[in-house]
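Scroll down for the structure; my scribbles are underneath it.
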Amino acid sequence: MSNGPRYRFAPSPTGFFHVGGARTALYNWALTLREGGTFVLRIEDTDESRNQPQWTQGIIDALAWLGIDKSHPQFEGPYFQSENAAAHVEAAMSLYAEGRAYFCDLTPDQVQERAKASGKPGYDGFSRDRGLEPGPGRVLRFRVPEGETIVRDLVRGEVRFDNATIEDFVLLRGNGSPMFLLANVVDDRIMRITHVVRAEEHLPNTPKQQMLWEALGAAAPTWAHVPVLVNEQRKKLSKRRDKVAVEQYREEGILADAMVNYLMTLGWAPSGDTEIVPWQRIVDEFRLEDVNHSPAFFDIQKLLAFNGEYIRAMAVEEFVQCCQPILAGPQVPWHPQQFDKEKFVAMAELVQTRVQVLADVPAMIDFLFVDTPVVDEAAWTKATKDSWARDVLVEMAEACEVCNDWSAANLKTILERITESRQLKLGKTQAPVRVAVTGRSVGPPLFESLEVLGRESTISRLRAAIARL
RNA sequence: GCCCCCAUCGUCUAGUGGCCUAGGACACCACCCUUUCAAGGUGGCGGCACGGGUUCGAAUCCCGUUGGGGGUGCCA
């Protein structure tokens, strides 16, 4: 086991893996790798009933997709916070024994009433000196000391909190179960965590946790609070309104490398003029001290642009390989039996520069694998509105029938001849042919498409289009 | 309300007192290339929130204002 720093990543199990969590995980992971430390995964929930096995597995799978594999020697865990409940209670009771915590029998409603009456928000320390014994319904509260708590944060510097503004917070609930704040600190201590890198939303909790560390007689870990990810309204990304599940991006064919690279450029940038950099470069250069202080907009457009770059950078064989899951998936518009991998391979290189996500691929080649392509009516109308369109189709069909060299180059020559005889441009005359054969006005280069489609299908589709006119 | 954080092109960022006439990327626009669409190439548009200091000199340091965000649970 490594003696280096121990970074903990502590997501709560929610049934999906948040992109914000993914970025935090990546920060921890990059640091772990460079510092020769350990990445400690702890599933964060004091309530065991919420630790659904499939959710935990989902987090582990998502992490693995991002390159944070649990079989890696620097990966440790997962641990489950709920399994340490006894230690949490024990720590709380030791605080009680030392007078650093006390019991209180006020109900939440009573606390609120008192706050309202006094005009000051929060718990007012009512039971501080009442000497209450433990008992059912009584919560254990931490006795916040006077003075000031200074949080030293790697990204934000020193953040000062006046302890007078921090209420005596609850450690143990009325039913005796530990609160997350406490559980967190105790677990971090047990796991010998040295660095806590998490989202900024936890910053206001940090002085409380730091006081707890001190009360428990230990030095707090190094803190680092990274800015949150926001939507176009500049609000924290939320499951309800925003697309935040990394699983969803994975399914749509965002490449893991692109996602990782993009996520790392939110709040931080590699040196030089290009943001597309290999992971190793990120590991070498990433520093928490360089992370931006302000929230970053999760821009799907830019993610897609990154993804397009990563797709184009792949070798064709690799691209073909990556497309397998999508092409064999349930979303494809053709019958699985009609799919012909050879045809796809023949088109792959042309498809590669035309997609931003793998999910775009099927629509690019569907005309090859269906009996009759679905016709885009707007495209049909536009492509066939000129009087010469029908004649071009007729001539093309006839030429195809007698053609003895079914190659893209020759097919191009054929249509060029038809085009020239009418003093038109190929850009014009290819349109009706394209729509007749593929159903669309845009797509991969036409003649290569015809070559791969084959003579019979091409002719029959041209004939069908002529008939329709 | 109270506490905390933040503020460079539309967006993500570079910038740590003179190299800034503020650099790059995404998006957008134009042109080139071109069988459509992409890709690629070239160029363009566009920013230091505001007001005071400090300094010979400020995007950079200080104060204030404004504007955003987060936290204020017997949730995590």
Side-chain angles (χ1 to χ4, degrees), chain A residues 10-14 44-47 50 81 104 106-108 111-112 119-123 137-141 151 153 155-156 159-162 164-167 169-177 179-181 183-184 199-207 225 227-228 230 232-236 262 265-276 290 292-306 308-309 312 350-356 364 379 383 408 411-412 415-416 419 425-431 433-435 438 440-449:
Chain A
S12 53
T14 50
E44 199 95 341
D45 209 310
T46 55
D47 183 350
R50 274 188 297 242
Q81 184 162 65
C104 174
L106 255 36
T107 64
V111 170
Q112 217 167 38
K120 286 181 195 161
Y123 179 70
R138 291 180 177 179
V139 300
L140 183 67
R141 286 183 180 271
V151 172
D153 186 292
V155 336
R156 280 154 216 284
V159 186
R160 313 174 92 91
F161 296 86
D162 181 351
T165 66
I166 302 172
E167 63 175 24
F169 53 94
V170 174
L171 262 20
L172 256 29
R173 299 187 181 93
N175 66 7
S177 65
M179 294 285 286
F180 122 98
L181 214 64
N184 225 285
E200 191 196 347
E201 61 204 84
H202 293 285
L203 188 52
N205 280 330
T206 309
H225 289 88
V228 294
V230 298
E232 46 284 304
Q233 277 94 239
R234 302 250 114 210
K235 300 262 194 258
K236 193 172 72 168
Y262 175 65
T265 66
L266 256 26
W268 178 81
S271 64
D273 273 350
T274 168
E275 295 177 312
I276 307 273
D290 297 335
N292 247 8
H293 296 185
S294 40
F297 170 52
F298 185 79
D299 187 353
I300 294 171
Q301 282 276 84
K302 190 159 176 178
L303 202 213
L304 291 175
F306 271 46
E309 287 232 27
R312 275 171 258 129
L350 299 171
V351 172
Q352 203 175 345
T353 56
R354 290 171 170 77
V355 294
Q356 283 196 307
M364 218 74 218
L411 288 164
K412 184 182 179 191
L415 187 59
E416 269 170 349
T419 303
K425 295 277 191 205
L426 205 49
K428 284 275 190 192
T429 52
Q430 60 92 36
V433 179
R434 178 183 292 281
V435 175
T438 72
R440 296 193 183 85
S441 57
V442 298
L446 180 62
F447 306 109
E448 285 78 357
S449 298

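Keep in mind it's a predicted model, so treat the numbers as computed, not measured. Naming convention: chains lettered A, B, ... in sequence-line order (proteins, then strands); numbering from 1 in each chain.
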Regarding [X], tell me which of base, sugar-phosphate or nothing describes its non-hydrogen contacts under 4.0 Å with the strands shown.
| X | value |
| --- | --- |
| A/Phe297 | sugar-phosphate |
| A/Pro444 | base |
| A/Leu266 | sugar-phosphate |
| A/Val170 | sugar-phosphate |
| A/Ile300 | nothing |
| A/Arg160 | sugar-phosphate |
| A/Ser441 | base |
| A/His202 | base |
| A/Asn205 | base |
| A/Arg138 | nothing |
| A/Ala296 | sugar-phosphate |
| A/Thr107 | base |
| A/Gly137 | base |
| A/Glu448 | base |

With RNA chain B as reference, determine whether A/Asp273 or A/Leu181 sits nearer its 5' end, using the nearest nucleotide of each.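 Comparing both residues, the 5'-ward one is A/Asp273.
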
Let me know, please, whether A/Phe447 or A/Gln81 comes out on the 5' side of the other along RNA chain B by nearest nucleotide.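 It is A/Phe447, whose closest nucleotide lies nearer the 5' terminus.
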
Any donor-acceptor pair under 3.5 Å between the side chain of [X] and the base of [N]?
| X | N | answer |
| --- | --- | --- |
| A/Lys302 | B/A27 | no |
| A/Arg354 | B/C37 | yes |
| A/Glu275 | B/G24 | yes |

Measure from the side chain of [X], starting at C-beta and using heavy atoms only, and say which of [options] lies closest.
| X | options | value |
| --- | --- | --- |
| A/Ser294 | B/A76, B/U8, B/G70 | B/U8 |
| A/Gln301 | B/C5, B/G71, B/C26 | B/C26 |
| A/Thr353 | B/A38, B/A76, B/U35 | B/A38 |
| A/Asn292 | B/U13, B/G69, B/A76 | B/U13 |
| A/Arg234 | B/A76, B/U35, B/C12 | B/C12 |
| A/Arg434 | B/U35, B/A7, B/G73 | B/U35 |

Does OP1 or OP2 of [N] have a side-chain N or O of [X] closer than 4.0 Å?
| X | N | value |
| --- | --- | --- |
| A/Lys236 | B/G71 | yes |
| A/Arg312 | B/G40 | yes |
| A/Lys120 | B/G1 | no |
| A/Arg156 | B/C4 | no |

Would you find a donor on one side and an acceptor on the other, under 3.5 Å apart, between the side chain of A/Asp299 and the backbone of A/Gln301?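 At least one qualifying donor-acceptor pair exists.
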
Go ahead and name the base partner of [N]; Watson-Crick or wobble counts if both distances stay under 3.5 Å, otherwise write none.
| N | answer |
| --- | --- |
| B/C26 | B/G10 |
| B/G1 | B/U72 |
| B/G64 | B/C50 |

Is it true that the NZ or CZ of A/Arg141 lies under 6.0 Å from the centre of A/Phe169's six-membered ring and within 45 degrees of the ring axis? no

Please determine if A/Glu275 and A/Lys302 form a salt bridge, counting it only when a charged side-chain N lies under 4.0 Å from a carboxylate O. yes

Roughly how many Å apart are B/U54 and B/A14, using the C1' atom of each and rounding to a whole number?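 Here B/A14 and B/U54 have their C1' atoms 26 Å from each other.
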
Classify the angle between the aromatic ring planes of A/His202 and A/Phe180 as parallel (below 30°), tilted (30 to 60°) or perpendicular (above 60°).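 If you compare the ring of A/His202 with that of A/Phe180, the planes turn out tilted.
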
Checking A/Thr438 against A/Arg434 for the side-chain hydrogen bond (donor to acceptor under 3.5 Å, both in side chains) test, could you report, in this order, the C-alpha distance in whole Å, the side-chain angles of both residues, the deciding distance, and whether it holds? CA-CA 6 Å; A/Thr438 72; A/Arg434 178 183 292 281; 5.1 Å; no

Residues, nucleotides or ligands: over 12 heavy atoms within 6.0 Å of A/Glu416 CD: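 Check passes, neighbour count above 12.
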
